[in-house]
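To find a chain, count down the sequence lines: A is the first, B the second, and so on, and within it residues start at 1. Because the structure is predicted, anything quoted here is derived from the model rather than measured.
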Amino acid sequence: MNTKFSSLCTIDCLYKVFFKIKDEDVSRRPAKNRRKGRTTKVRDSKNLTPESWPRPPVNYCILIALALNSSHSGSLKVQQIYNFIREHFPFFQTAPDGWKNTIRHNLCFSNSFRKTCNQLRRDEKRKSCFWHLTLDGQRRLHDEIRTLSGESSKQLERSMSHPGEVGESKRVHHL
DNA sequence: CGCGGCGTCGATC
DNA sequence: GATCGACGCCGCG
């Protein structure tokens with residue numbers, strides 16, 4: 001009962017965080033600075049620490065929606081979605097690679113997302129599609145945030161407020 | 001031409 | 001809803 005009351009504060013904070021932050025990491029960047037096709041994963045999923053990180057308090061759709069919603073343009077490429085989720089939720093820094101498939105699967109499957117392919121391949125080599133939230137997606141996101149438990153709210157808020165590394169030396173020249 | 005990332009689909013739990 | 005497998009397509013080396 002009192003959790004409801006205390007949640008109000010947190011939810012307010014969540015809204016501030018979710019709908020105000022402008023994460024430069026997920027903004028589009030010029031093609032020159034783009035990494036080449038080289039994969040950044042280091043294949044050390046095997047020797048990760050036995051204590052793995054807890055799952056995020058929300059499902060994949062919400063995770064993606066969070067990423068999309070925090071970008072300047074409201075749209076991101078898959079790689080940027082990966083980055084956002086990896087940086088905000090440590091679970092995915094140690095999780096096996098399957099999660100990327102799940103992300104892509106949700107992007108295609110869920111009616112929360114739509115893609116906009118810009119085929120301006122003049123200067124650009126070939127940009128992959130930009131994904132954005134549909135009206136339904138926005139509704140689902142707001143609805144989810146509204147109905148989060150106090151504990152989950154706190155947890156989410158913390159994740160959104162402190163993007164960054166968890167692994168002591170995970171960050172490698174990456175940009 | 002081969003490999004890997006992406007977008008889809010389908011099946012299964 | 002989460003995971004996994006499989007395809008076709010496309011860029012890149």
From NE2 of A:H105 across to C1' of C:dG1 the rounded distance in Å is 9 Å
Heavy-atom nearest pair, A:A67 first then A:L76, reads O-CD1, 3.4 Å
A:L107 atom CG is separated from C:dA2 atom P, nearest whole Å, by 13 Å
Need one value for A:N59: base, sugar-phosphate or nothing, where a base atom within 4.0 Å counts as base even if backbone is also close, heavy atoms only.
sugar-phosphate
Rounded to whole Å, CG of A:N111 lies from C1' of B:dT8 at a distance of 16 Å
The nucleotide from B:dC6, B:dT8, C:dT3 with an atom nearest the side chain of A:T102 is C:dT3
Rounded to whole Å, the CH2-P distance (A:W99 to C:dG5) equals 18 Å
A:K100 NZ to B:dG4 C1', in whole Å, measures 11 Å
Determine the contact category for A:Y82: base if any of its heavy atoms lies under 4.0 Å from a base atom, sugar-phosphate if only primed atoms, P, OP1 or OP2 are that close, otherwise nothing. sugar-phosphate
Contacts of A:R104 and A:V58 projected onto DNA chain C by closest heavy atom; the upstream (5') one is A:V58
Of A:G98 and A:R140, the one whose closest nucleotide on DNA chain C sits nearer the 5' end is A:R140
Task: Check: A:W99 ring centre within less than 6.0 Å of A:Y82 ring centre - done: yes
When rounded to whole Å, the CD to C1' distance for the pair A:Q79 and C:dC10 reads 15 Å
Between A:W131 and B:dC6, does any side-chain N or O lie under 4.0 Å from OP1 or OP2? no
Rounded to whole Å, the CZ-C1' distance (A:F109 to B:dA11) equals 12 Å
Check your understanding: Are the ring centres of A:W131 and A:F113 closer than 6.0 Å?
Key -> no
Heavy-atom side-chain contact between A:C129 and A:K77 under 4.5 Å: no
When rounded to whole Å, the CG to P distance for the pair A:N101 and B:dC13 reads 19 Å
| So, do A:F92 and A:L63 sit near enough that their side-chain heavy atoms are less than 4.5 Å apart? | yes
